[in-house]
Amino acid sequence: MPTDHVREPTGPRERVLDHGATAVAHPNIALIKYWGKRDERLVVPYVDSLSMTLDVFPTTTTVRLDPGAAADSVLLDGASAGGEPRQRVVDFLDLVRELAGRTERAAVDTRNAVPTGAGLASSASGFAALAVAAAAAYGLRLDDTALSRLARRGSASAARSIFGGFALCHAGQGVGAAADRSSYAEPVPVPDFDPALVIALVNAGPKAVSSRAAMRRTVETSPLYQAWAASNKDDLAEMRAALHRGDLDAVGEIAERNALGMHATMLAARPAVRYLSPATVAVLDGVLQLRRDGTPAYATMDAGPNVKVLCHPADADRVAATLLAAAPGSSVLTARRGPGARLRTGDEP
Ligand code: 2P0
């Protein structure tokens, strides 16, 4: 679905870019985590995961085909990307080109409202937006399941950001093509459950170890990994039931233990991977204090020091104030459930 035709003079030869498509996607936070890949090339997870897509920190990505170009160009927040970030986008475009039977190079312009690489799921919103925009630009007609499978090839958590609200990502069965076909996310409809997620940003800088490298090391060296992966199945079953009951306390308790268990697997890796900082622990103390004082609040942490706290919307301001007091110097923001990835039509700003 081409949305625009853009002419851009590029020096001596005027180059015509066309078939552009723009997509918007939001990050998601896993309540049941994905950690570890059973196929690194195809990005197939070891475990199922379940997440909430947020209404904050969208990524907006435009893909324009550039038939005259010898290579893809990638702009990330206005700056030309190089190294691994660029290579991941180029690899992803190669996959889309292979699926579409096309060869044109592309110009990609992606803008994150979320701090990149800080454990706030920028790769989830990023590859979900790129999947939707690139599929449209290259004329692929994919349903949401196929888009989710495609987004997974960029980043496993991106498979879930294709959908709004709550989404379950299947680890899939078999190996090779069978694993690729059967690993995708689908929505988990729980229309009456609409909690708040208070995000405590204790450090917005990029992380020291990429989640990709950290999960590889965890799978290869942590004696706790298999035990956590096995317990994830029970956590998922209990989480689904708790979501359907709209039981915030059960959802929160399961999410918190699942996240702490995931971090325990990393702490036991050799050498250890530790994303949690002193400020993270201070925020966790704040969450415990809230519960002792009668306010339901439950924490989850990803591949970074920031903490996301699940609570009733009516309690969000109190929770935010407590977390700020627990970790002075941090900033807080309240998110709710947000929309799935979608193409932006030409008349939107
Ligand atoms: C998750 N995380 O389920 C887990 C929990 C972080 C902790 O998915 O290697 O950027 O691109 O598949 O998806 C972060 O890892 O990693 C992540 P790749 P991704 O949200």
Side-chain angles (χ1 to χ4, degrees), residues 25-54 57 59 84-85 87-89 91-92 95 112 114-131 148-163 166-172 179-180 183-185 197 199 206-207 209-219 222 225 228-229 232 235-236 239 254-267 269 273-276 280 299-308:
H26 289 74
N28 68 76
I29 296 300
L31 303 177
I32 300 294
K33 304 296 187 190
Y34 139 67
W35 195 249
K37 294 179 187 64
R38 60 196 182 88
D39 186 321
E40 289 209 357
R41 188 181 68 83
L42 294 171
V43 193
V44 181
Y46 264 110
V47 294
D48 296 343
S49 56
L50 192 153
S51 62
M52 178 170 129
T53 299
L54 306 184
F57 297 144
T59 297
E84 201 198 323
Q87 195 54 48
R88 280 180 71 173
V89 172
D91 290 347
F92 191 85
L95 173 64
N112 276 312
V114 52
T116 301
L120 278 172
S122 58
S123 68
S125 53
F127 280 102
L130 182 61
S148 175
R149 196 185 283 124
L150 175 62
R152 192 204 78 232
R153 293 289 294 272
S155 202
S157 53
R160 303 183 306 239
S161 275
I162 295 298
F163 301 100
F166 296 90
L168 165 65
C169 185
H170 299 282
D180 183 35
S183 181
Y184 53 83
L197 197 69
I199 302 171
K207 55 194 157 208
V209 189
S210 74
S211 52
R212 199 152 271 206
M215 65 178 87
R216 182 185 305 135
R217 192 191 301 167
T218 306
V219 170
S222 174
Y225 181 73
W228 175 78
N232 226 42
D235 283 354
L236 178 63
M239 177 62 80
I254 300 161
E256 190 172 295
R257 77 182 184 212
N258 184 268
L260 289 169
M262 177 188 72
H263 285 278
T265 69
M266 297 181 216
L267 290 170
V273 178
R274 185 172 60 83
Y275 286 120
L276 312 182
T280 310
T300 184
M301 294 80 67
D302 294 289
N306 302 310
V307 187
K308 299 92 183 184

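Order of appearance sets the numbers: ligands from 1, and atoms from 1 within every ligand.
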Can you list everything that forms a ring pair (Phe, Tyr, Trp, His ring centres under 6.0 Å) with His263? Sequence neighbours excluded, please.
none
Side chains of residues 30-38: which donor-acceptor pairs under 3.5 Å do they make with residues two or more places apart or in other chains?
{"residue": "Lys33", "atom": "NZ", "partner": "Ala30", "partner atom": "O", "Å": "2.7"}
{"residue": "Lys33", "atom": "NZ", "partner": "Thr300", "partner atom": "OG1", "Å": "2.7"}
{"residue": "Lys33", "atom": "NZ", "partner": "Asp302", "partner atom": "OD1", "Å": "2.6"}
{"residue": "Lys33", "atom": "NZ", "partner": "Asp302", "partner atom": "OD2", "Å": "3.4"}
{"residue": "Tyr34", "atom": "OH", "partner": "Lys37", "partner atom": "NZ", "Å": "3.2"}
{"residue": "Trp35", "atom": "NE1", "partner": "Thr218", "partner atom": "OG1", "Å": "3.2"}
{"residue": "Arg38", "atom": "NE", "partner": "Pro45", "partner atom": "O", "Å": "3.1"}
{"residue": "Arg38", "atom": "NH1", "partner": "Gly174", "partner atom": "O", "Å": "2.6"}
{"residue": "Arg38", "atom": "NH2", "partner": "Ala171", "partner atom": "O", "Å": "3.0"}
{"residue": "Arg38", "atom": "NH2", "partner": "Gly172", "partner atom": "O", "Å": "3.0"}

Taking only residues two or more places apart in sequence, or in another chain, which ones meet Arg152 in a salt bridge (charged side-chain N to carboxylate O under 4.0 Å, His left out)?
Asp180
List, pair by pair, the atoms of ligand 1 and of the protein that are both N or O and lie under 3.5 Å apart, giving the separation rounded to 0.1 Å.
{"residue": "ligand 1", "atom": "3 (O)", "partner": "Tyr34", "partner atom": "N", "Å": "2.9"}
{"residue": "ligand 1", "atom": "3 (O)", "partner": "Arg160", "partner atom": "NH1", "Å": "3.0"}
{"residue": "ligand 1", "atom": "3 (O)", "partner": "Arg160", "partner atom": "NH2", "Å": "3.3"}
{"residue": "ligand 1", "atom": "9 (O)", "partner": "Lys37", "partner atom": "NZ", "Å": "2.6"}
{"residue": "ligand 1", "atom": "9 (O)", "partner": "Arg212", "partner atom": "NE", "Å": "2.9"}
{"residue": "ligand 1", "atom": "9 (O)", "partner": "Arg212", "partner atom": "NH2", "Å": "3.4"}
{"residue": "ligand 1", "atom": "10 (O)", "partner": "Ser123", "partner atom": "OG", "Å": "2.7"}
{"residue": "ligand 1", "atom": "10 (O)", "partner": "Ser155", "partner atom": "OG", "Å": "3.0"}
{"residue": "ligand 1", "atom": "11 (O)", "partner": "Arg88", "partner atom": "NH2", "Å": "3.0"}
{"residue": "ligand 1", "atom": "11 (O)", "partner": "Ser155", "partner atom": "OG", "Å": "2.5"}
{"residue": "ligand 1", "atom": "11 (O)", "partner": "Arg212", "partner atom": "NH2", "Å": "2.9"}
{"residue": "ligand 1", "atom": "12 (O)", "partner": "Tyr34", "partner atom": "OH", "Å": "2.7"}
{"residue": "ligand 1", "atom": "12 (O)", "partner": "Ala156", "partner atom": "N", "Å": "2.9"}
{"residue": "ligand 1", "atom": "13 (O)", "partner": "Ser155", "partner atom": "OG", "Å": "3.1"}
{"residue": "ligand 1", "atom": "13 (O)", "partner": "Ser157", "partner atom": "N", "Å": "3.1"}
{"residue": "ligand 1", "atom": "13 (O)", "partner": "Ser157", "partner atom": "OG", "Å": "2.6"}
{"residue": "ligand 1", "atom": "15 (O)", "partner": "Ser211", "partner atom": "OG", "Å": "3.2"}
{"residue": "ligand 1", "atom": "20 (O)", "partner": "Arg160", "partner atom": "NH2", "Å": "2.7"}

State, without any angle test, whether Asn232 and Asn258 hold a side-chain donor-acceptor pair at a distance under 3.5 Å.
yes
Would you compute the distance between atom CD1 of Ile29 and atom CG of Leu54 and round it to the nearest 0.5 angstrom?
5.0 Å
Test item: Ser161 side-chain N/O and Ala158 main-chain N/O as donor-acceptor pair under 3.5 Å
no
